[in-house]
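Written below as structure tokens is the structure these notes are about.
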Amino acid sequence: MTQLQNEALWTSKWRCPSNIALVKYWGKRDFQKPMNQSLSFVLQNSFTEMSVELFKEGDQKVEFYFEGLSHPFGERIESYLAQLSVRIQWIEDYNFRIHSRNSFPHSAGIASSASSFGALALCLAELHFAISGKEPDTPDLWRKASELARLGSGSACRSIYPGFSIWGKAQLFEVCSDEYATPLYEGINPVFYTLRDAILIVDSGVKAVSSTIGHMLMNEHVYQPSRIAQAHQNLNELYLSLLTGNKESFVEVVESEALSLHALMMTSRPSYMLLKPNTLELISRIRAYREKTKIPVCFTLDAGPNIHLLYFKKNELEVRAFIEEELLDFCENRQWIDDRIGKGPERIIT
Ligand code: PMV
């Protein structure tokens with residue numbers, strides 16, 4: 001292996017957050033397009049920082065380092081770049097050196113593909129405009145980055161914007177697209193910008209069934225038509241809650257979406273289950289706490305056993321005490337990540 005020695009011809013560095021879906025994308029159409037629309041918000045403290053340097057010399061297409069060490073994820077990036085080079089000519093002309101690090105421990109069972117592909121896509125989009133000699137408007141840069149991120153990992157396209165965004169053609173939103181995510185900048189009730197997300201780590205192990213397989217199983221799923229209809233209805237209802245500041249309906253839709261995602265896994269053929277006994281214990285404790293205190297807390301889930309406990313800044317003190325006293329005993333090594341709704345990606349000046 002020849003290490004790339006000289007100064008890079010072009011460099012770009014970005015920090016990109018992870019995101020958590022409230023209305024879940026589950027199932028694909030065509031190439032990396034969603035079977036249904038989804039809505040998410042970006043996190044603040046869970047992010048990837050990535051630098052991309054371009055060289056003309058060297059005999060290796062991609063050198064990829066994760067936290068300073070050469071890493072096999074480079075192979076996935078190499079095939080992603082090969083696929084992109086059909087659309088973006090200059091990719092063929094350069095070799096890439098990429099350094100990446102995550103803010104969250106990789107043993108936390110947190111999927112890092114959204115923040116990683118988000119960061120990579122932001123670097124590529126910035127380089128694209130620079131190499132083509134075009135001065136991008138900021139919305140052009142975001143849109144390009146969101147589209148490139150989607151081609152790496154669907155949900156990554158929603159990591160590009162601050163706050164909330166929607167991906168997928170939606171009945172309510174004519175501007176939304178299957179190709180890239182669209183930010184929801186206007187009209188959101190300010191209380192939703194005070195959202196907190198406590199990520200409770202139930203199990204940090206590798207999932208038994210990957211999301212790629214899960215998406216594929218939706219192709220023949222007996223509930224496919226009703227799931228698509230449900231996602232549309234839930235998105236409309238959730239959007240209305242975000243506009244009006246209705247926390248009760250927010251809680252209802254968010255939990256229904258989380259459990260629907262896992263119900264789809266359990267009713268796939270073949271069927272599988274990613275929830276663990278402690279996930280169910282945490283869910284019942286969160287519901288009992290809400291019932292008893294009337295504090296608007298709720299949970300959501302990714303395609304895995306870990307719980308995202310959502311609550312509002314106003315209730316921070318009580319909910320943190322609840323987490324410490326009642327929930328951490330059900331987490332692996334009492335691990336959790338203290339996160340919140342975020343301000344979106346940041347370009348890092350080197
Ligand atoms: O982007 P992917 O292919 O890793 O799929 C992720 C799907 C969920 O995280 C389960 C839901 C979502 O909308 O993020």
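Just so you know, these numbers use all the heavy atoms, side chains as well, and skip hydrogens, waters and symmetry mates. First listed ligand is number 1; within each ligand, the first listed atom is number 1. One-based numbering along the sequence shown. Computed from a prediction, not measured in an experiment: that's the story for all the values here.
- Nearest protein neighbour of atom 14 (O) of ligand 1, counting heavy atoms only, is Arg158 NH2, 2.7 Å.
- Ion pairing between Glu179 and Lys33 holds under the 4.0 Å rule for side-chain N and carboxylate O.
- In terms of polar-atom proximity, Ser211 is not counted as a contact of ligand 1, lacking any N or O under 3.5 Å from an N or O of the ligand.
- When heavy-atom distances to ligand 1 are checked against a 4.0 Å cut-off, Ser155 comes that close through both its backbone and its side chain.
- Considering backbone and side-chain atoms together, Trp26 places no N or O closer than 3.5 Å to any N or O of ligand 1.
- In terms of polar-atom proximity, defined here as any N/O pair under 3.5 Å, Asp302 does make such a contact with ligand 1.
- Among all protein heavy atoms, the one lying closest to atom 7 (C) of ligand 1 is Tyr25 O, 3.5 Å.
- In terms of polar-atom proximity, defined here as any N/O pair under 3.5 Å, Asn19 makes no such contact with ligand 1.
- For atom 5 (O) of ligand 1, the nearest non-hydrogen atom of the protein is His215 NE2, 3.0 Å.
- The side-chain heavy atoms of Val319 and Tyr289, taken from C-beta on, include a pair separated by under 4.5 Å.
- Judged by a 6.0 Å distance limit and a 45° cone about the ring axis, Lys247 is positioned over the six-membered ring of Phe312.
- Salt-bridge formation is detected for the pair Asp178/Arg29: a Lys NZ or Arg NE/NH1/NH2 atom is positioned less than 4.0 Å from an Asp or Glu carboxylate oxygen.
- The pair Glu147-Arg87 meets the salt-bridge criterion, with a side-chain N (NZ, NE, NH1 or NH2) lying under 4.0 Å from an Asp/Glu carboxylate O.
- Ring pair Trp90/Phe96 is parallel by interplanar angle, where below 30° counts as parallel and above 60° as perpendicular.
- Ionic pairing of Glu49 and Arg15 is present here: one or more N-O contacts between side-chain nitrogen and carboxylate oxygen are shorter than 4.0 angstrom.
- A 4.5 Å side-chain heavy-atom check between Met50 and Trp14 finds every atom pair outside the cut-off.
- Annotation for ligand 1: atoms under 4.0 Å from non-hydrogen atoms of Ala303 are 10 (C).
- Below 4.0 Å from some heavy atom of Ala21 lie the following atoms of ligand 1, by number and element: 12 (C), 13 (O), 14 (O).
- Close approach of ligand 1 to Gly154 is summarised as follows: ligand atoms under 4.0 Å from at least one heavy atom of the residue are 1 (O).
- Residue Ser153 has at least one nitrogen or oxygen atom sitting less than 3.5 Å from a nitrogen or oxygen atom of ligand 1, judged on distance alone.
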